[in-house]
There are 4 protein chains.
Amino acid sequence: MSPKVSKEHLEQRRAKIVEAATQVFIEHGYERTTMKHVMDAADVSRGGLYQYFSNKEDLFEAILADRLLIDVAKTDQLLKEKVESYWDLLLSRIFGESKEPSDHMDPLAASNLEFFITGRNDQRRRNYAQERYSFALKLYANIIEAGQQSGEFSNKQSGEMIARSIITFIDGLALDHAILPKEDVKLKEQSSLLIEYLRLALEVKN
Amino acid sequence: MSPKVSKEHLEQRRAKIVEAATQVFIEHGYERTTMKHVMDAADVSRGGLYQYFSNKEDLFEAILADRLLIDVAKTDQLLKEKVESYWDLLLSRIFGESKEPSDHMDPLAASNLEFFITGRNDQRRRNYAQERYSFALKLYANIIEAGQQSGEFSNKQSGEMIARSIITFIDGLALDHAILPKEDVKLKEQSSLLIEYLRLALEVKN
Amino acid sequence: MSPKVSKEHLEQRRAKIVEAATQVFIEHGYERTTMKHVMDAADVSRGGLYQYFSNKEDLFEAILADRLLIDVAKTDQLLKEKVESYWDLLLSRIFGESKEPSDHMDPLAASNLEFFITGRNDQRRRNYAQERYSFALKLYANIIEAGQQSGEFSNKQSGEMIARSIITFIDGLALDHAILPKEDVKLKEQSSLLIEYLRLALEVKN
Amino acid sequence: MSPKVSKEHLEQRRAKIVEAATQVFIEHGYERTTMKHVMDAADVSRGGLYQYFSNKEDLFEAILADRLLIDVAKTDQLLKEKVESYWDLLLSRIFGESKEPSDHMDPLAASNLEFFITGRNDQRRRNYAQERYSFALKLYANIIEAGQQSGEFSNKQSGEMIARSIITFIDGLALDHAILPKEDVKLKEQSSLLIEYLRLALEVKN
DNA sequence: CATGAATGAGAATTCATTCAT
DNA sequence: CATGAATGAATTCTCATTCAT
C-alpha cells in the first residue's frame, strides 16, 4: 500500500501553507488572524488546513520551528566561515551578515511577541517560550564565553548575564518597534548604543 | 433635582469596578478577560458595568489613566523632595523609592504590553501608545539633560537616546518577565547591569 | 393636602415631553427611537419621563391622541364655517384649508404607519388602529353621504366605499412618501388624480 | 476536489431556510423575528444559518429576490400567452390569473412594508425600495402605454401616472389589510372600485 | 486525503423598566 | 414628584473545530 500522493507533494503543500500563513500573521497579528484568513491566503480548504495543523497554535509553532531551523543553519555556517574574531561573530549573530545596525526588523517579530504574551498563562506556551529563550541564550553566551576564554573579551561581567541583557534589549526593541512609529524607536541609533555598551562591558580591544 | 446617590458613592462604585477589573486583567490578561469576568469580580450587573465603561478598551484605558495619575503625583513629590543628585533622581524614577533593583515588577505590566501589542494595527491604540511613550520619554530625558547641564552627567551621549534605551530595556524586561519563569529573567541582576551601563554612559562621578 | 406643584406646571411639562418626543419620532421613526432619545430631547430624567408615560407605546399614543384632538377641533370649525358645498368640505378635509393638492405630508405620518404596522400582531394596537380608522371613515363618509343627500353628489357609488378608498389611497401615498424619494411619489400629481377620480365617482356638478 | 455535498443539497438547504424564514416573517413580521426564530423554524444551527445569510436583512432580501424572480417568470409567461387585450393583461398583472378582485393578499406583504418603512432612514434600504418601485412602475406603465398606442386605452391621462396611482392604491390596500380587520378593508370591493376607476381613466372600450 | 457544510459555545452590546434616595 | 443608577433579558454575530461524503 503505497501512499496515494508523494511525500514531496505533501511537503510542498505544507510549505505553501506555512508561507501563506506567515504573511497572514505578519499582516493581522496572531490573535486577529483566523483560520479562514489562512485558508484563503494559502488557497486550501478548511479540512485541508486542519490536516496539516491541528489548530492555530500548532500552525504558528510550525512557522516558528521552520524559521528556527533556518536560523540555526545560518549560524552553523557562520561558525564555519568566520572565526577571525568573536566580536565579529557576536555582531553578525545580532545584526545578521552585515554586522551593522539596521532600521529593519523581522516582520514576524511582533506576532511572535504577541503569541507568547497572550499565551503567558498557558503552560504549554510558557514551556515553549522558555525553550526558545534557553536556546537563544546559549547561542549568545557561547560566543561571549568563547571570546572571554580567548582573551578577546574581558571577564569582568558574566558572559551569561551579558547574553541575557542582549536578548532583553532586543526584545524591548522588537516590542517598541511593533507598537510605535518608526520615528520614535530609532532602531538604528539604539542598536548602535547596544554595540557601544557591549564594547564597554566586554572591553573589546580595537 | 436631588441626585439619587451621592457623588462619592458613584466614585466608590467606579473605583470598585476599576479595582476589580485591574485584578481580573492581571489574572487573565487583556485579551482573555471578558466583560463577564469583570462583572463577576466587581459584583456589578452587565448594564451597570456598561454605564461606567462603554467597552473593554475604554475600561482598560481608564485603569491606565488612573495609574498614570498616581505615577505623575509620585514623580511630582519626588521632584519636590530630593534633588540632591540627578543620579539618585533617575534611579528613583526607574526603580521607585528604594532606588534599588528589585525582583518585582508591576503586575499589570504584562497586560499593558498585551494591550498595545494586540492593538498595534488599530490607529487609536497606536496613538495612545505613542502618547504614553512620549510622556515617559520626556520624563527620563528631562532628568538626564538636567544632570548633563549641571555637570553631573557627561554629554558624550545624547540624553534623549539614553532615555530611549532605558525605556527599551525596561520594556524588554517587562516582556521577558511576563513570558518567562522568574529564574530566567533575573530581574535584579539585569537591573544592576542597566545601572552599570548608565553609570558608564553618563560617566557618573562617584 | 394641596398638590405640591400646580396642575399647569404638570401640563406644561407633559406638553414639553410630547413636543420633544414628536420631533424625535419624526427623526428616528417609532422603532428606532429609544426612551433615551426622548429624555435627552425633552430634557427630562428617565424617571420623570416614566412618570408621565409608562412606556414608549403609551407615549406615542399620547402624541396621536393630542393630534387627533387638534384635528377634530379643526374639522369642527370647518363644519361651522363653510358649508357652501360638500365638495369643498371634502377637499378641505383631505388637503387642509388650501383644498389643494400639495407636495407636503404630515412629517409624523411615516412613524404612524410604522407604529401600526410593526404592532399589527398586538391586539391592543390593532384595536387602536381600528378605532382610528373608524373615526376617519365616519368623517369622510358623513360628508359624502350628506353631499349625496343634498343632491350635490351622485348616489351611484356607496359613500362609505368611496370614503374607504380615499383613506386607502392616502395611506398608500403616505407609505410611498415615507419610503421613496420625492421624485418618485409625485404627491401633488397623484393627489390631483385622486380629485379627478372623486369628481368622476361622485359626478360632481361644476 | 470532490465537494462534500451535492449542489442540489445546498440549494435544498438554502431553499428550506428561505421557506421557513418566509413563514416566520409572515408570522412575526420583520422587526419582531429574530435569527433564533428562523434557526428553530428551519432547524438549522446558528452558524449554519449565518453560512447562507450573513444577517437578517440579507435573509429578507433573499426572500424578496426569490419572489421577484418567480413574479417575473409569471409575467413573462403571461405576456407570451395572452395578448388578446391589454386590459386583460393589466388585470391579470394586478390580480393574478383570475383577473378578478379577491379578498386575499400576499401574506408577506405586511412584512414587506414593514421592512421598507422601518428602514426608511437607511440609504441601502431606500435604494433597494426605489429599485423595486421602478421595476413595478415600468411593468404597469409598459402595459398601459402599449394599450394607449394600440388605441385600446385613451391618452387622456399619462400612462405613467396611472401606473403610479395603481401602485399607490395597492400599497394602501396592503397597508390597511395588514393593520385592520378584514371587515374594514373590504379588499374585494375596493379592488372593484380600482377597476372601475381604471376603466374610466383609460376609457376602456367594452 | 480533501472538502467545506454544520455546529454551538461564547462574547459584546443595547435598552426598557424598576426603584432606592 | 423627580432623579438617574442599576438591572438583566434579549439579540446579534464570530470562529475554532468536527465530520459526513
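Below, all heavy atoms of this structure are taken into account, side chains as well, without hydrogens, waters or symmetry copies. Naming convention: chains lettered A, B, ... in sequence-line order (proteins, then strands); numbering from 1 in each chain.
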Legend entry - d(CG, D:Asp58; P, F:dC13) in whole Å: 10 Å
Legend entry - Among B:Lys56, B:Arg124, B:Arg67, salt bridge (Lys or Arg N to Asp or Glu O under 4.0 Å) partner for B:Glu61: B:Arg124
Legend entry - Sugar-phosphate only, base, or nothing, as touched by C:Arg13 at under 4.0 Å among non-hydrogen atoms: sugar-phosphate
Legend entry - Contiguous pairing runs of three or more, Watson-Crick or G-U under 3.5 Å, that involve DNA chain F: E:2-21 with F:2-21
Inset, instruction - Let me know, please, whether D:Ser54 or B:Val44 comes out on the 5' side of the other along DNA chain F by nearest nucleotide. - result: B:Val44
Inset, instruction - Could you tell me how the ring of A:His37 sits relative to the ring of A:His28: parallel (under 30°), tilted (30 to 60°) or perpendicular (over 60°)? - result: parallel
Inset, instruction - Give the nucleotide from the list E:dA12, F:dG4, F:dA5 with an atom nearest to the side chain of B:Leu10. - result: F:dA5
Inset, instruction - Return the nearest nucleotide to the side chain of C:Tyr50; candidates are E:dT17, E:dT13, F:dT3. - result: E:dT17
Legend entry - Integer-rounded Å distance: E:dA11 P and B:Arg32 CZ: 11 Å
Inset, instruction - Would you kindly compare C:Arg46 and C:Gln51 by the position of their nearest DNA chain F nucleotide and give the one closer to the 5′ end? - result: C:Gln51
Legend entry - Test: C:Arg125 cationic atom under 6.0 Å from C:Phe116 six-membered ring centre, within 45° of axis: no
Inset, instruction - Apply the side-chain contact (heavy atoms from CB on, under 4.5 Å) test between A:Ile17 and each candidate in A:Thr22, A:Val44, A:Asp43; give the one that qualifies. - result: A:Val44
Inset, instruction - Please determine, for the side chain of B:Thr34, which listed nucleotide (F:dC15, E:dA2, E:dA12) has the closest atom? - result: E:dA12
Legend entry - Aromatic plane relationship, D:Phe60 with D:Phe25 - under 30° parallel, 30 to 60° tilted, over 60° perpendicular: perpendicular
Legend entry - Short side-chain N/O contact from B:Tyr52 to OP1 or OP2 of F:dA6, under 4.0 Å: yes
Legend entry - Value in whole Å for how far the C1' atom of F:dG8 lies from CG of B:Asp43: 14 Å
Inset, instruction - Return the value, rounded to whole Å, for the distance between atom CD of C:Glu31 and atom P of F:dA10. - result: 17 Å
Inset, instruction - Grab the CE-C1' distance between D:Met39 and E:dA9 for me, whole Å please. - result: 12 Å
Inset, instruction - For the pair A:Glu19 and A:Arg14, find out whether any cationic side-chain nitrogen is under 4.0 Å from an anionic carboxylate oxygen. - result: no
Inset, instruction - On DNA chain E, check which nucleotide each of D:Leu49 and C:Met35 is closest to and give me the residue with the more 5' one. - result: D:Leu49
Legend entry - d(NZ, D:Lys56; P, F:dT14) in whole Å: 16 Å
Legend entry - Distance in angstrom units between B:Lys16 NZ and F:dA6 C1', rounded: 12 Å
Legend entry - Atom pair distance, as rounded to whole Å: CG in B:Asn55 and C1' in E:dT14: 13 Å
Inset, instruction - Could you tell me whether A:Asp40 and A:Lys36 make a salt bridge, using a distance below 4.0 angstrom between a side-chain N and a carboxylate O? - result: yes
